[in-house]
Amino acid sequence: MRISRFSPFPSSTTVALSILIAAIATHWTDSAESHERPNIVFILSDDMGWNQPGFNGGNHDLTPNIDTLAAESTKLTQFYTHSVCAPTRGAFLTGRYAFRNWMDWRSEDFGKPSYLKKLGLTLAHNDRGEPTRRIHALDASERTIAEALKDAGYFTSLSGKWHCGEWLEEHLPMSQGFMHQYGHYAWGIDYYNKTIVHNAPARFAVYDWHRNQKPIQEEGYTTDLIATEVERVIGQQSSEKPFFLYVPFNAVHGPLNDPPRHGDKYEVREAMLKCLDDAVGRIVGAIDKHGFKDNTLLVFTNDNGPVLEEMSTPYRGTKNTTFEGGVRVPCLMRWPGHTQAGVTNDGMMFIADWFSTFITLAGGDHQQKLPVDAIDMNEMLFGGKPSPRSEIIFEVTGSVRLPTIRSGDYKLMGDMLFNIADDPYEKENIAAIKPEIVAKLASRLATVGKERPPLGDKPLLMDPPLPFIYGKAENANPPSWLKDAVQKVRSTQQTEWAPGETPWPQAPVGANAAKQ
């Protein structure tokens, strides 16, 4: 089965689209009365390339469990995200483009001078004169999908990587609708010692492993530990209360830590992917073992493109770019009786769309103070209808990356124009021969970009600049084992740096950020 990619509705007809969405929501809410609302398990890998899983052309030996899931699932071929971790997570959680709440800037960017310079800001100092990070996170005023589903009667759980704020209580998962939390708050944890390598501008490690926002001491590889936690949480559920499990793995994001197995046969990146595949297999197995398979919508997807372009082929680009290889990601969807096994759906969909789609499935409330960019995709995903989405705003002015819009067949990326329908691999820049399309899309980007709210001067600071553990409350009195563990890691870290050198990459410039 192949479903049409584009909607007959132009993006500007917001009133008509709102009526359509309301009608779809009513249809699905009414039908929810005649069947049990589905559990929702949303698995998000990190930095996995388009062609890494076997079902997309990769090595089947590395992803047998994911490939088995693919054979049982509908595969979305035009599923898009933002091009970096935190923006994608913010869009998924809120149903809103990342620029609307400044989630197109990551929390760690506010401790890096090259990023701050792009905002017209300088590195902050506390009242003792120490350089430190300005606090930035997903704003507490945002309504998250966890809050919406919790209000609809769902048990809500996060197991894995948060990356939407790591310091103040109101920015942590349990203040954003999650009834259970496990994993880490910040960007890229060491798979064994559970530390983030630096707290820019501080250059030394910080501990980042928590359960229900309390520090925990655990041995093991984080990919395996996350799977164990999800198995445990699934085992505690019952058919009496629907559940929403958000499982954002840190795998296969760096650092490149050899997993406890597979290293004898595969190089480190391959072994990390196979370890992720093991974890996905365990989670799918737990869903099936406990009798939840038939009434669980299971989604497996990825947050953005990979760090190496060879993992994006045949698409161009990597993470941190808005070429297709940075924003088009694998996506599988299994819900027996509602999705067809082994088929593809070519409808265009954006990560934020899960917000409205899940709320409808849960019989939840779509009314909220902040407008959403999400489009309810139930009719496309389960009803055989064309996608109602014809536009995606990837970036606008004010982002660290190039302003980019996909509109129908065309994508404008900075001053480059591609016809994605005819040239999905973005080999030919047709801006010079389609100036009218360039002007139209540039105007649209400029209009939407004016909707970005003011950033403000970001007066709240992380203090101390180098905590032992993320979470201000958790750092107030960290246990001795934690301090000892962090000091052990810090004792091995580089202490002297040449002028201008940092342990973190500098802000990207232009289209080919990953090649700088």
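Note that the structure is a prediction, hence the values are computed from the model and not measured.
Heavy atoms only, all atoms of each residue included: Ala352 and Ala374 are closest at O-CB, 3.1 Å. For the pair Ala98 and His82, the tightest heavy-atom approach, listed with the atom from each and the gap, is N-NE2, 3.2 Å. Between Thr63 and Gln52 the shortest heavy-atom distance is CG2-O, 4.4 Å. The two residues Asn59 and Tyr266 make their nearest non-hydrogen contact at ND2-CE2, 4.5 Å. When every heavy atom of Asn212 is checked against every heavy atom of Met174, the shortest pair comes out as CA-SD, 3.5 Å. Considering every non-hydrogen atom in both Pro173 and Tyr185, the closest pair reads CD-CE2, 4.2 Å.
Note: Tyr425 and Tyr315 meet the aromatic proximity criterion, with ring centroids under 6.0 Å apart.
Phe382 is listed as a side-chain neighbour of Leu361, based on a closest heavy-atom distance under 4.5 Å. Under the 4.5 Å side-chain criterion, counting only non-hydrogen atoms from C-beta, Asp409 is not in contact with Asp422. Counting only heavy atoms from C-beta outward, the side chains of Phe300 and Pro330 never approach each other to under 4.5 Å. Counting heavy atoms from C-beta outward, Tyr97 and Val396 have side chains that stay 4.5 Å or more apart. You'll find the side chain of Ser73 stays beyond 4.5 Å of the side chain of Thr339, heavy atoms only. At a threshold of 4.5 Å between non-hydrogen side-chain atoms, the residues Tyr191 and Cys275 do not count as touching. Contact check for Ile393 versus Leu445: side-chain heavy atoms found under the 4.5 Å cut-off. Between Pro508 and Val400, the closest side-chain pair of non-hydrogen atoms falls below 4.5 Å.
Of the residues Asn320, Thr322, Thr321, the one that meets the side-chain hydrogen bond (donor to acceptor under 3.5 Å, both in side chains) test with Arg401 is Asn320. Residue Phe243 is tested with Phe292, Tyr154, Phe155 for a ring-ring contact (aromatic ring centres under 6.0 Å, His included); the sole match is Phe292. Applying salt bridge (charged side-chain N to carboxylate O under 4.0 Å, His left out) to Asp47 and the options Lys161, Arg269, Lys319 leaves one that passes, Lys319. The only member of Ile43, Asn302, Leu44 that meets side chain to side chain contact (heavy atoms under 4.5 Å, CB included) when paired with Phe249 is Ile43.
Between the side chain of Asp294 and the main chain of Pro336, no donor-acceptor pair closer than 3.5 Å is present. In this structure a side-chain-to-backbone donor-acceptor pair under 3.5 Å is present from Ser387 to Met348. A distance-only check finds a donor-acceptor pair linking the side chain of His136 to the backbone of Trp102 [under 3.5 Å]. In this structure a side-chain-to-backbone donor-acceptor pair under 3.5 Å is missing from Asn345 to Leu76. Put simply, the side chain of Ser443 never gets that close to the backbone of Ala439: no donor and acceptor are under 3.5 Å apart. Counting only distance, with no hydrogens or angles, the side chain of Lys241 and the backbone of Gly153 share a donor-acceptor pair below 3.5 Å. Looking at Arg316, its side chain never comes within 3.5 Å of a backbone N or O of Gly325 through a donor-acceptor pair. With hydrogens and angles ignored, the 3.5 Å screen pairs a side-chain donor or acceptor of Ser175 with a backbone N or O of Glu169. Side chain of Ser141 to main chain of Asp139: no donor-acceptor pair is present (N/O by atom type, distance under 3.5 Å, no hydrogens or angles). In this structure a side-chain-to-backbone donor-acceptor pair under 3.5 Å is missing from Thr74 to Gly342.
Under the 3.5 Å distance criterion, with hydrogens and angles disregarded, a donor-acceptor pair is assigned to the side chains of Asn65 and Asp277. Using a 3.5 Å distance cut-off with no hydrogens or angles, the side chains of His290 and Gln236 do not pair a donor with an acceptor. Looking at Asn51 and Thr313, their side chains do bring a donor and an acceptor atom within 3.5 Å of each other. With no hydrogens or angles considered, a side-chain donor-acceptor pair links Thr228 and Arg282 at under 3.5 Å. Side-chain atoms of Asp353 and Thr357 form no donor-acceptor pair, as typed in the model, at a separation below 3.5 Å. A side-chain donor from one of Asp208 and His210 sits under 3.5 Å from a side-chain acceptor of the other. Checked by atom type, the side-chain pair Asp303/His253 shows no donor-acceptor distance below 3.5 Å.
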Steps toward side-chain contact (heavy atoms from CB on, under 4.5 Å) verdict (Tyr80, Glu324): CA-CA 9 Å; Tyr80 288 94; Glu324 291 290 287; 2.7 Å; yes
Check against side-chain contact (heavy atoms from CB on, under 4.5 Å), Lys440 and Tyr410: CA-CA 11 Å; Lys440 178 182 177 182; Tyr410 293 99; over 6 Å; no
Worked check of side-chain contact (heavy atoms from CB on, under 4.5 Å) between Leu69 and Leu298: CA-CA 10 Å; Leu69 177 62; Leu298 171 61; 3.7 Å; yes
Criterion side-chain contact (heavy atoms from CB on, under 4.5 Å) on His180 and Ser159, from CA distance to verdict: CA-CA 8 Å; His180 172 264; Ser159 297; 4.1 Å; yes
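Residue Phe355 holds its CZ atom at 9.0 Å from NE2 of His366, rounded to the nearest 0.5 Å. To the nearest 0.5 Å, atoms CD (Glu436) and CG (Leu441) are separated by 10.0 Å. Going from atom CE of Met272 over to atom CG of Asp46 covers 9.5 Å, rounded to the nearest 0.5 Å. How far CD of Glu428 is from CZ of Phe418: 9.5 Å, rounded to the nearest 0.5 Å. Here the CG atom belonging to Asp346 is positioned 3.5 Å from the OG1 atom belonging to Thr77, to the nearest 0.5 angstrom. Within the model, atoms CG of Asn101 and SG of Cys164 stand 9.0 Å from one another, a figure rounded to the nearest 0.5 Å.
Note: Tyr182 and Trp209 have perpendicular aromatic rings, judged against thresholds of 30 and 60 degrees for the angle between ring planes. Taking the six-membered ring for Trp and thresholds of 30 and 60 degrees, Phe92 and Phe244 have ring planes inclined between 30 and 60 degrees apart.
For Lys293, the NZ atom counts as densely surrounded, since its 6.0 Å shell holds more than 12 non-hydrogen atoms of other residues, nucleotides or ligands. Atom CG of Asp415 sits in a sparse spot, with 12 or fewer heavy atoms from other residues, nucleotides or ligands closer than 6.0 Å.
Between Asp365 and Arg143, none of the side-chain N atoms (NZ, or NE/NH1/NH2) sits under 4.0 Å from a carboxylate O, so this pair counts as no salt bridge. Ion pairing between a basic and an acidic side chain is recognised when a charged N comes within 4.0 Å of a carboxylate O; Arg232 and Glu229 show such pairing.
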